Amino acid sequence: MASQWGVVEPFPIYLVKSRYFLYDANVVSHVRASHRMCGCLTGTLPQIPQQNVFLGLPLELMTEEAALLVEKGAGYIVNDIQAHSQGLKSMLEADKAAYLEAREAESIREMQALQKAAEERRKAFRTPKPASLKDNDGEEEETGEEGKIRDGEEDKVGATVFETDTAKTKLSNAVDPAPPSTLRYYPVPATSEALYHALPTSPGLLEARVLEPAPSETSYPLYKHLHEHNYFLSPGLRFGCQFMAYPGDPLRFHSHFVVTGLGWDEEIEMRDVVGGGRLGTGVKKAWMVGGENKDKPGEVRTFCVEWGGF
Amino acid sequence: MTSSAPSITITPADSTPTHPAPTFTLPTPPAAPARYKKPNYNVVHALPLPLTTVPLPPLIPHNPLSLLHIIIAYLFPGTTSHPSPLHVGAFHASTRAIHVTDPQSIKAFWEHGFFGKGSLSRSEPTWVIRKRRALGVIGQNEALTSEEVTMRRREERKEFKRERARAEKERREKQLAEEGKIVRGPDDDQEKEQRDSAAAASSSSKSITFATVELPPRRRSPERPVVEVEDLEHLQLTLEESFFLSFGLGVLQIKDSKTDEIIPQKDLLSMFRCQSYFPPRTPDMLQPDDPFLLNYVVYHHFRSLGWVVKSGIKFAVDYLLYNRGPVFTHAEFAILVLPAYSHPYWDHDRVRKEEREKKPWHWLHCINRVSSQVKKTLILVYVEVPPPLEKTGAEDNVPKMLARYKVREVALRRWLVSRNRD
Amino acid sequence: MTTPTDTTTPHLQDLVQTVHKNLKHLADWSSLVIHSSPSFPRPLITGLPPDPVYIDPDSASTYNAEDKNSPERSQHEWVLPVDLREKWTLRKWAQMFDSLPEGYWGESGGKVRGKRILLAVVSDDSTVVHYVVHDGIVKPRQN
Amino acid sequence: MAEPEADNLRIQHTNPQDVDLSDETQDFRFLNLFKKADPASLPRRGEKDFEPDGTTLQDTILHESRLAMHEALLGERKHSTKAHVEATWRPAQSLAQVKVARGPHFKTVGRADKHGVLWLLPEETIYLVERGNLECWWEEGIPMSLQGAYASCLDGCGGLERYQVYAYLKRAGYIVQRAATFDEEPEESASAAVVAVQTVQPRKGTSGGVGLTSIVSLAKTFFSPALPAHGPIIGPGTYRSYDAIYTRLSLIPSHHPPRTPTHPVSAAAGRAPFRVAYNVWKPRPSFKKSDPPAPDFRVAVVSARETSLPTLRELAALFDSVPVDAETAAKAQFSRLKDGWRNVVLAFKGAE
């Protein structure tokens, strides 16, 4: 079945250097909406490259997320280094030539569309666009141009992360660039083409394999347990835990729990219980420890700790 | 966390502090938010240790120190450094601590170096004042204690929080009503009542039975009854504080609470080491990394550098360091004691090398977050644990034994790219 | 269940006494009872705090501190005394909760609530820090 | 107010500078706002909700946020002919060979060989592709996708965490270069997360404290034999000052860093799980990549996933590889404890 985003399951999850990646924005949105998984956007957002607040593709999946997707039959793992080298090896010269030709033609077509859009913009009085970029290439081109201008700034002032006034003034120039007709654009796609990327033909075979790297025994049952209770989970290292648990999509909700998974007989010092309780309470969260009951496999116990208030 | 973002700075630190020797040029502490008058802490806490010094030249003529010396000379006759008789504390196995009950000793220990803690207070023993106020013996605003100031502030905040929650609920219900998902009406209250009675019914049918609900009296009596309030509180000294005061400063004698006899100085170390385990251990089980030894080495180290060292339990660390004392400023540093088994003797000790020395990173982030929430710099204090002494009896020289431990401080700070770039 | 038995070791008895004294004289709890039952891993305390230790976010807007009969105000709490030097495991936590009586545990946010205990951690300087531990997933209070 | 700490529990960071916006997932609906204005204009955490409340309004907002995110992720990496930079990835060298270098980035990235050919390191290659400044080709004569760049170059970056820290610092505006010890593989298995080394920032206005170290060590040799076996160390007597008492009390040996700056001992000290991987500079227009000044920070790499806290031995080795900050000796004692003699920044990588 294909989802709202046109994603067909099972979809490939790409393994590079022991990490699991997604490069397709549709799959990213699908995984978020249908599987309550956010992963971590770790790439630079080309529209605004000089900042770390909004990041872009690729999306790195936590090992737990990749494992659960595979377990549910929603995804399968592809060794991406292999997939590329095999694809490149088996590429036919004729296909390559056709690909490059198509690329060139597309570039020209796009340039013409851009010029047309710029023309229309000059004519019409522009009303402010809504925040969502549901728009044509023209809008994107504008944002791309803005990014470029900042790069220029970086050179002059010595890179600063956030341009404020300068960016604004430059922006007015960017709106009306009158692109010279010689200008051509070559997009670098986020995802690889089948031409040079050989996906395994029978994903079923791969699913049967043991996931490597596999998620940790102490954290995976707990991850699954919370996921089944409709929580969204994200890595919590920087907050002093293993996961942050959100009652809904982190785009909209604050987290409720800072979560640490433990083995059933793993000892935890009382001082660290105090630290955990204190950590959560300072930011209106509860600190949660939990793990699988060794004596009753499948049963996960969780305990939530908060400051007593006195 | 999205990518590579969180960073912390690790700094090997030099722990030499500013010595809090009595100087009177310091600025006065920030103005108190409370409506009561603070004592002049600069005078009360002029001495950093419960010992008297005799400076060679008299200082500036109009310096209050000279006056203070007269008072001290009056309280402690003679020019000797130590009080006579020495302070006495009682070791209680029940709390694994030393209890001090003599008011003069409590005063000396608290005021001069902030040793100990009131067993029923948050820091200075003030239980009897609070009790007397609750009974109406003293006025509402007389000699307010820190506990009471805290309490009053919390009361004020409660109403605000409830209001906020109410506004939030109101907003949500309005939205739901607009979307036609709920019908709001006068029967809202009725619903609640029904729920309450249902709860009461289920409560009577299968609840765990308790004694009848008795709310604590919140007495606000207008008259002032004359009541004798027996002070149930003592000043509690930890084993480390007690050892510093007896072995280090020589101002404290420790007696056994059961026999009422003074415990010989030479027996203290071994006893304290045994008591630092829960439950206590026997002397034959002692190790070079007993909790007492690790903690005492660090405690002594920072005390000998002039810091006021207090428990850090509330912030999940071992100690807090105050520059002059808790009444003056917040603690600037939070101390975490970490044993280091660098000596080759420990190389094959799996438990120590693998479990005690290795801590996960998220644990450190947790402690560091807690510290930075309260604006303290976290300092890891590594204590290099020496191998056990070969011949028994070598432990008989305590200063030499302690000198086998070595400390190294590492300061930790969160490092934000945006703050360090410019 | 409330019959005191003396099956526990002295250090645990000392611990429970320390916490009991602290709750009574510093934290102003009332109706304090010490429970020593062979079914408990160690002696426990029940009592009534002057203020609720946990208010469900769902009832934060209706909770009235002055109403002594509100479900939040009249909730007795189980208190587990522990020493700061102790180490615990998930198994121990689970056993602890499983040893507590089943049945009606009161209300929270208009719902019948699950088990919870108040952890009282005693340190050598006589500080007792209190943390609420819920059995299961319980959303954090917002006050 | 004997102990003000107790009440601090719910005090949050009030200084906006202390807040790292990237800590929490930001709402992509505000992306344009963020692009065009000051980042401080981003709505604070109050904009998010505590939990799903059943309103359609909430669902609608979430849906919009997701759409905004989706659209943002579709943002293409486009290259105009004017600023088009091409390179070819050479797997044998694990470097990208640049055709014609253009644009401001090459002031700080890339290295020319003796034939004048400019080469990009794998992390530089991914980073430039990712931000839309480079089109990288396979030797097979096909341009790479972003996915292809990761598959080709990540191995040469020394792990994902290293690359992510590199990119993170670059996005924040720093100048980053590999350090001499980058390639030295530790004996331990694969390593990743990151440690950076920071020299102390000079602080003005602090007067020099009294150098007690030398006094203490002298005092110790003098007093030690005289100390009674079971104390007290401070016997009854006449003391002229508390300093005299503290000096006598000093029994515990502690680490005292050298007073004079030392040069980095890179080779030996680098063979630990914690070792310098990157040299980092704050942005400066005068930077010359062929002749860089002393770095502002030194960055080493370890794995937060595969390693635990450093032992004292490992930390000591790392610190030994870092020069002592010349400023520290002149600082007040209080600042010395806070700022230290040698600074290391540890950067941790998130997803596990």
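Computed from a prediction, not measured in an experiment: that's the story for all the values here. Chain letters run A, B, ... following the sequence lines, proteins first and then strands; every chain starts at 1.
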Hey, are the side chains of C:V129 and B:K314 touching, using non-hydrogen atoms and a 4.5 Å cut-off?
yes
Ranked by heavy-atom pairs below 4.5 Å to chain C, first place among B:S119, B:G118, B:A97 goes to B:S119
For the side chain of B:W127 and the backbone of C:H25, is there at least one donor-acceptor N/O pair under 3.5 Å apart?
yes
What residue, out of B:P280, B:S276, B:G116, has the most heavy-atom pairs lying under 4.5 Å from chain C?
B:S276
Between C:V122 and B:F278, is any pair of side-chain heavy atoms under 4.5 Å apart?
no
Applying side-chain contact (heavy atoms from CB on, under 4.5 Å) to B:P125 and not counting sequence neighbours gives B:I106, B:E233, B:L235
Non-hydrogen contacts under 4.5 angstrom with chain B: give the residues of residues 17-24 of chain C involved, or none if there are none.
C:T18, C:K21, C:N22
Measuring from atom CG of C:L84 to atom CD1 of B:I313, what distance do you get when rounded to the nearest 0.5 angstrom?
4.0 Å
Which residues, numbered in order, of residues 85-97 of chain C come under 4.5 angstrom of chain B by heavy-atom distance?
C:R85, C:E86
Tell me, out of B:L237, B:L232, B:L239, who's got the most heavy-atom pairs with chain C below 4.5 Å.
B:L232
Could you check B:K117 against C:D125 for salt bridge (charged side-chain N to carboxylate O under 4.0 Å, His left out), going step by step and ending with a plain yes or no?
CA-CA 6 Å; B:K117 175 188 160 300; C:D125 75 340; 5.5 Å; no
Lys/Arg N to Asp/Glu carboxylate O, C:D83 vs B:R96, below 4.0 Å:
yes
Honestly, the part of B:A167 sitting under 4.5 Å from a heavy atom of chain C is neither
Is the shortest heavy-atom distance from the side chain of B:Q236 to the side chain of C:D124 under 4.5 Å?
no
Residue part contacting chain C, namely of B:S121, when any heavy atom lies under 4.5 Å:
backbone
With B:S257 via side-chain contact (heavy atoms from CB on, under 4.5 Å) - residues at least two apart
B:A90, B:H92
